[in-house]
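Values in this document were obtained by computation on a predicted structure and should not be read as measured data. Lettering of chains follows the sequences in order, A, B, ..., and the numbering in each one begins at 1.
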There are 2 protein chains.
Amino acid sequence: MSSSVVQGVLAGEVLTASRLMRDLDDGSPSALLALKELYRHGGRSRVVGVTGSPGSGKSTLVSALVRLLRQAGKRVGVVAIDPTSPFSGGAILGDRVRMQEHASDPGVFIRSLATRGHLGGLTRSTADVVTVLDAMGFDVVLVETVGVGQDEVEIARSAHTTVVVMVPGLGDEVQAIKAGILEVADILAVNKADRPGADRTVRDLEMVVPGKSSGGWRPPVLRTVATSGEGIPELWAAVEEHQRTGTQGATALQRERARAEHLFLDILHDRLGRVVDAHLRRGGGLEERVTRLVERSADPYTLAEEVLSEIVRL
Amino acid sequence: MSSSVVQGVLAGEVLTASRLMRDLDDGSPSALLALKELYRHGGRSRVVGVTGSPGSGKSTLVSALVRLLRQAGKRVGVVAIDPTSPFSGGAILGDRVRMQEHASDPGVFIRSLATRGHLGGLTRSTADVVTVLDAMGFDVVLVETVGVGQDEVEIARSAHTTVVVMVPGLGDEVQAIKAGILEVADILAVNKADRPGADRTVRDLEMVVPGKSSGGWRPPVLRTVATSGEGIPELWAAVEEHQRTGTQGATALQRERARAEHLFLDILHDRLGRVVDAHLRRGGGLEERVTRLVERSADPYTLAEEVLSEIVRL
């Protein structure tokens, strides 16, 4: 299977790529072989993360970006991370509906991902999909996540450029989240900027935005109205500007190295967890250990050390 | 150090417990020794998770629950998870301010946690703090998280009873998140129930709530106005009802086993990740591998397998 799949994905075949993504989700070994090969053909797509609080209009903004990029003749992949529980594995209908306008466009590929319930599962699946889209030759890959929660921040961190979307007039708590997520932002978009309070939000953000980085970049605060398309060309211009700044010299290499290291360690942790869990469940003493924990005749820290010394050779 | 710390925590000494939590954050080996001992003295606190979207009024609701429990003479520990980035490690000022009224009450212990930037770091720190609070003899430990993101769902899952807080009249996306998080809910609280649309939200939720579990529990949908305290006694009555239902027979044991297994595997994964990362960084070939990835002369999946076969003995 592997080589024809690889050829098909490299040729941009949507059906082949969709099947591969599904097979990767199912843990197919031959799909993994294909993915390995595809990774080595990648590295050309610009990956742009778009993250923000629920209700910030991220999906509409992503859709507006897709429209703009398509008008410029760019091929665009979209990965939308559903903030649903690991239990339901469901998808957000709303997002899908909003993306409908691009559904029949062969220059656009949209993939929704739900969390999988395994440690690191979400970041892993996202990385896999980005690898496939990259190999398919998409010029731009937009990764949309909800900007709350560690996994989501990790995903934002894996993009070349991260846009954080905010809206005017939300409560204290949300403002605080913004403050937390500011440090992953390369660009800040105040969306729904036609609402009251937009000026104040822009001013507040400009005051808290970090200063110029070593690479000479200071995150700009832009206004957008995703529903009307207002500010979207300026937003994309800022993304391109960031990529130009970011692709000169040491900064670009450092960012590429950080991205690669992050991906590698994430995959490694995921594998480690799976291998060790499988071992413990299949005769490796999980049941007995859980019994001792429930009885409080052992503690989980000591039991973890026990398992580590049994199975890790360092 | 260890035995005097253990004695101090078991005697409920706030200063000793605070120092221990700080030492645990710093990765102190003697603090870990104390934690191991403390785990074996625990198991008495009822752990109640309170989770919900940003802006749902969770903190105010937690504060109202603390007030109610104090009036009933219960000692209460609170763990508030700050949804800030792993980069800033900051805390939400708003939450702290809202909790101020309990700050001088010796029957209340409040601990804020920020994410730590390490895989599983947040769930781990939370579990450590709950272990300490449990050993201190708090009757109830309230764990407040933002209900978006996989880590947060994992934390909710580790409680005896999980309350999901919602508000009337939010957008589609937020409704979808609710749908996703429904499956971790033992109790649903529609907060800010004095707002327009509350009736509809309650009705909508009642339609989507899962049916009775094997243990005979069906999550009730309750109205609360946390700012005025309306509905808070009924909410707590539901928590107690859930714990009574949940503490009879097989269901209770199953839930205890699931909680213990979850904690153990989480600690194990965290340790594995740390040990392996430290090895790779200290002469284990991380730099060289990252270089090969950036050059696309290797793929991260194969490199992860390489490392696994080098260090895992199974």
Side-chain angles (χ1 to χ4, degrees), chain A residues 32 35-36 39-40 43 53-55 83-88 90 92 94 115 119-120 122 146 148-153 171-174 176-177 180-181 183-184 256-257 260-261 263-264 267-269 271-273 275 277 279 290 293-294 296 299-304 307-308 311-314, chain B residues 32 35-36 39-40 43 53-55 83-88 90 92 94 115 119-120 122 146 148-153 171-174 176-177 180-181 183-184 256-257 260-261 263-265 267-269 271-273 275 279 290 293-294 296 299-304 307-308 311-314:
Chain A
L32 182 58
L35 190 66
K36 288 176 178 180
Y39 181 86
R40 300 174 65 162
S53 309
T84 49
S85 86
F87 301 90
S88 75
I92 294 187
T115 59
L119 196 71
L122 183 59
V146 172
V148 190
Q150 194 161 354
D151 281 337
E152 289 69 20
V153 173
D172 278 349
E173 196 172 9
V174 178
I177 291 167
I181 211 168
E183 307 185 34
V184 294
E256 273 308 310
R257 288 191 67 92
E261 179 182 308
L263 178 62
F264 166 56
I267 289 168
L268 178 60
H269 294 158
R271 287 295 166 86
L272 270 171
V275 166
D277 288 4
H279 161 71
V290 169
L293 290 174
V294 170
R296 304 267 162 176
D299 71 84
Y301 311 92
T302 304
L303 293 186
V307 172
L308 266 176
I311 62 170
V312 175
R313 188 196 305 139
L314 279 181
Chain B
L32 181 59
L35 191 66
K36 289 176 177 179
Y39 181 86
R40 302 174 63 162
S53 308
T84 50
S85 86
F87 301 90
S88 75
I92 294 187
T115 59
L119 195 71
L122 184 59
V146 171
V148 191
Q150 193 162 355
D151 281 337
E152 290 69 19
V153 173
D172 279 348
E173 195 171 10
V174 178
I177 291 167
I181 211 169
E183 307 185 35
V184 294
E256 273 306 312
R257 288 191 67 93
E261 181 182 305
L263 177 62
F264 167 55
L265 292 180
I267 289 168
L268 179 59
H269 294 158
R271 287 294 167 85
L272 270 171
V275 166
H279 161 71
V290 169
L293 290 174
V294 171
R296 304 266 163 178
D299 71 84
Y301 312 93
T302 304
L303 293 186
V307 172
L308 265 175
I311 63 170
V312 174
R313 189 195 304 138
L314 277 181

Once rounded to the nearest 0.5 Å, what's the spacing between atom [atom1] of [X] and atom [atom2] of [Y]?
X: B:Ile267; Y: A:Asp299; atom1: CD1; atom2: CG; value: 8.0 Å
X: A:Thr302; Y: B:Phe264; atom1: OG1; atom2: CZ; value: 10.5 Å
X: A:Asp277; Y: B:Leu272; atom1: CG; atom2: CG; value: 9.0 Å

Greatest number of heavy atom pairs closer than 4.5 Å to chain A - which of B:Leu32, B:Leu268, B:Val275: B:Leu268
Indicate the atoms forming the closest heavy-atom contact of [X] with [Y], along with that distance.
X: A:Ala260; Y: B:Val294; answer: CB-CG2, 4.0 Å
X: B:Arg296; Y: A:Tyr39; answer: NH1-O, 2.9 Å
X: B:Arg313; Y: A:Val312; answer: NH2-O, 3.7 Å

